[in-house]
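What follows is a short report on a single structure.
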Amino acid sequence: MTSDTNPVLHPDRNLAMELVRATEAAAIRAYPFIGHGDKNAADGAAVDAMRAFLGTVNFEGLVVIGEGEKDEAPMLFNGEKVGTGLGPKVDIAVDPIDGTSLTAAGRQNAISVIAVADRGSMLDASAVFKMNKLVAGPAGVGVIDIRQPIGDNIREYAKAANKPVGEVVVAVLDRDYNGELIDDIRAAGAGTRLLRDGDVAAGILAARPTSRVDICAGVGGSPEGIVTACGIRALGGTIQGILHPLTEIEKTTGLEAGLIFDHVYEMDDMVSSDNTFFVATGVTDGALMSGVRKKGDLITTESLVIRGRSGTYRTVHAEYQASRWI
């Protein structure tokens, strides 16, 4: 007989603290590369550290969403198995550094992130690299919809959140393909927070009550969308996505993988289990959390741990002695 509380079958709360060790390790290993212009070197160091620490965790993890194939960078590849093989079977979405270019340039908002959910509950959208997304916190649930114009969404959100339209801030990746969206946001009277990279952090910020960001919108990474969905479930927010293939070859590959185009993927489609974990550590400073710091022999990190089943949001501060850190 089994039950939802059986730790052999389902990830439990202790798993979160094991996972944060892996994101801390990835962030610390990336630290020497901050601002040095080599994003692949930073990513490679983070991947190696994350893989090593995940190998010590008592679970049977299957990487459903890996990173790196699209730019031939180092990666934890899709289908890779991680962990000791003991304990719960889980799906994993990983991004050792969300914001490799930010790290290489020494810019803000680079993070290391892992999302985990029960096995078989996470959408594998890896065949298509881009997704048009709409994310908001609790005030947006049942109010905003990616099918309607962004101006309507902004006005409906402002009404639900009881704030003037002019105070609504929408985070968008600053890319040519989001240019019309940016114009429409401003035409509606709202403000924009334009991002160079790092739409996972922006999505989580949109769901945080203390954040200046209200909505995250536009085309970004589809892997990042699945990662974000695991955090949004716990935060009581909303996320929708429409796959955005850039080439006919990519669309054909997506169809062969069973993905659906011109279809709105709701949060439950992206991750169907509420037993999720979202764990992230700052690589560089940002609005979501501080980056890695090193002073003499002391290394400090700041991480967040979000658990879907309990809706818990924790901030974790850690100190390491560099001479003892492995």
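- Looking at Thr103, its side chain does come within 3.5 Å of a backbone N or O of Gly99 through a donor-acceptor pair.
- Around the CD1 atom of Ile249, the shell of radius 6.0 Å holds no more than 12 heavy atoms that belong to other residues, nucleotides or ligands.
- A salt bridge links Asp274 with Arg309: the distance from a Lys NZ or Arg NE/NH1/NH2 to an Asp or Glu carboxylate oxygen falls below 4.0 Å.
- Side-chain atoms of Ser126 and Asn78 include a donor-acceptor pair closer than 3.5 Å.
- Applying the side chain to side chain donor-acceptor pair (under 3.5 Å) test to residues at least two apart or on different chains, the pairs with a partner in residues 276-296 are Thr23-Thr281, Thr281-Ser303, Asp285-Arg293, Ser290-Glu302.
- Distance OG1/Thr253 to CD/Glu256: 5.5 Å, rounded to 0.5 Å.
- Taking the side chain to side chain contact (heavy atoms under 4.5 Å, CB included) definition, one finds that Ser121 meets it with Asp91, Ala117, Asp118, Val271, Ser272, Ser273, sequence neighbours left out.
- Not a single donor-acceptor pair under 3.5 Å links the side chain of Asp95 to the backbone N or O of Glu224.
- When all heavy atoms of Ile185 and Gly191 are compared, the closest pair comes out as CG2-O, 3.8 Å.
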Inset, instruction - Applying side chain to side chain contact (heavy atoms under 4.5 Å, CB included), run through Val279 and Val113 and close with a yes or a no. - result: CA-CA 6 Å; Val279 177; Val113 61; over 6 Å; no
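- Considering every non-hydrogen atom in both Ala171 and Leu195, the closest pair reads CB-CD1, 4.2 Å.
- Contact of the Met267 side chain with the Thr238 side chain is not registered, since no non-hydrogen atoms from C-beta on lie closer than 4.5 Å.
- Between the CD1 atom of Ile114 and the SG atom of Cys230 there is a distance of 11.5 Å, given to the nearest 0.5 Å.
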Inset, instruction - Take Thr100 and Asp43, measure what side chain to side chain donor-acceptor pair (under 3.5 Å) needs, and give me the verdict at the end. - result: CA-CA 6 Å; Thr100 53; Asp43 201 25; 5.7 Å; no
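- Within 6.0 Å of NZ on Lys81 lie no more than 12 heavy atoms contributed by other residues, nucleotides or ligands.
- Under the 4.5 Å side-chain contact rule for hydrophobic residues, Leu288 and Val200 share a cluster.
- Nearest heavy-atom pair, Asn132 versus Gly218, reported as atom, atom and distance to 0.1 Å: OD1-C, 3.3 Å.
- Hydrophobic clustering places Leu243 together with Ile65 (ILVMFWY residues linked when any side-chain heavy atoms are closer than 4.5 Å, directly or through intermediates).
- Taking CZ of Arg208 as the start and OH of Tyr313 as the end, the distance is 4.5 Å to the nearest 0.5 Å.
- Heavy atoms only, all atoms of each residue included: Ala139 and Ala160 are closest at O-CB, 3.5 Å.
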Inset, instruction - Show your working on side chain to side chain contact (heavy atoms under 4.5 Å, CB included) between Ile239 and Met270 and close with a plain yes or no. - result: CA-CA 9 Å; Ile239 179 170; Met270 297 184 195; 4.1 Å; yes
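- Taking CG of Asp124 as the reference point, atom CD1 of Ile226 lies at 8.5 Å (rounded to 0.5 Å).
- Neither Val141 nor Val170 shares a network with the other; the hydrophobic side chains, linked directly or stepwise wherever heavy atoms of I, L, V, M, F, W or Y lie under 4.5 Å apart, form separate groups for each.
- With a 6.0 Å cutoff to the six-membered ring centre and a 45° limit on the axis angle, Lys251 counts as a cation-pi contact of Phe261.
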Inset, instruction - Quick one: do Arg307 and Arg314 satisfy side chain to side chain contact (heavy atoms under 4.5 Å, CB included)? Show the steps, please. - result: CA-CA 9 Å; Arg307 186 170 180 240; Arg314 288 185 173 89; 5.5 Å; no
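- Formation of a donor-acceptor pair under 3.5 Å by the Ser211 side chain with backbone atoms of Leu205 is found in this model.
- Every ring-ring contact (aromatic ring centres under 6.0 Å, His included) that His263 has, sequence neighbours left out, goes to Tyr265.
- Taking the side chain as every heavy atom from C-beta outward, Arg196 and Leu173 never approach each other to under 4.5 Å.
- In this structure, the side chains of Leu304 and Val316 stay at 4.5 Å or more apart for every pair of heavy atoms.
- Taken to the nearest 0.5 Å, the CG atom of Leu298 stands 8.0 Å off from the CD atom of Gln321.
- Using a distance-only test at 3.5 Å, with no hydrogens or angles considered, a donor-acceptor pair links the side chain of Asp214 to the main chain of Val169.
- At distances below 3.5 Å, at least one donor-acceptor pair connects side-chain atoms of Arg119 with backbone N or O atoms of Glu60.
- Side-chain atoms of Arg107 do not come within 3.5 Å of backbone N or O of Leu102 as any donor-acceptor pair.
- In summary, Glu24 and Arg21 do not engage in a salt bridge, as defined by a charged side-chain N under 4.0 Å from a carboxylate O.
- The nearest pair of heavy atoms linking Val165 to Ile154 is CG1-CG2, 3.8 Å.
- When atom types are taken as modelled, the side chain of Glu250 and the backbone of Leu246 share a donor-acceptor pair closer than 3.5 angstrom.
- Taking 4.5 Å as the limit, some side-chain heavy atom of Leu134 sits within range of a side-chain heavy atom of Ile150.
- For the pair Ala25 and Ala49, the tightest heavy-atom approach, listed with the atom from each and the gap, is O-CB, 3.6 Å.
- Within the 3.5 Å criterion, the main-chain N or O of Pro96 finds a donor-acceptor partner in the side chain of Ser112.
- Put simply, the side chain of Asp297 gets close to the backbone of Ser323: a donor and an acceptor are under 3.5 Å apart.
- Among residues at least two apart or in separate chains, side chain to side chain donor-acceptor pair (under 3.5 Å) pairs with a member in residues 165-176 are Arg175-Asp197.
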Legend entry - Derivation of the salt bridge (Lys or Arg N to Asp or Glu O under 4.0 Å) call for Arg29 and Asp48: CA-CA 9 Å; Arg29 287 301 189 202; Asp48 288 346; over 6 Å; no
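- Residues that satisfy the side chain to side chain contact (heavy atoms under 4.5 Å, CB included) test with Val264, not counting sequence neighbours, are Ile146, Arg147, Gln240, Ile242, Glu266.
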Inset, instruction - Could you walk me through whether Phe277 and Leu19 pass side chain to side chain contact (heavy atoms under 4.5 Å, CB included), step by step? - result: CA-CA 9 Å; Phe277 294 87; Leu19 294 173; 4.2 Å; yes
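- Two residues are said to be in side-chain contact when any heavy atoms from C-beta on lie closer than 4.5 Å; Tyr320 and Thr300 fail this criterion.
- No chain of hydrophobic side-chain contacts below 4.5 Å, direct or via other Ile, Leu, Val, Met, Phe, Trp or Tyr residues, connects Ile215 to Ile232.
- Linking ILVMFWY side-chain heavy atoms closer than 4.5 Å, directly or via other members, places Val172 and Val219 in two distinct hydrophobic clusters.
- Contact annotation: the side chain of Val283 never approaches that of Asp98 to less than 4.5 Å [non-hydrogen atoms, C-beta and beyond].
- Side-chain contact between Ile92 and Leu62 is absent, with no heavy-atom pair separated by less than 4.5 Å.
- Note that CG of Leu15 is 9.5 Å distant from CG of Asn58, once rounded to the nearest 0.5 Å.
- Applying the salt bridge (Lys or Arg N to Asp or Glu O under 4.0 Å) criterion to Glu180, with sequence neighbours excluded, gives no partner residue.
- The shortest distance between side-chain heavy atoms of Tyr177 and Lys130 falls below 4.5 Å.
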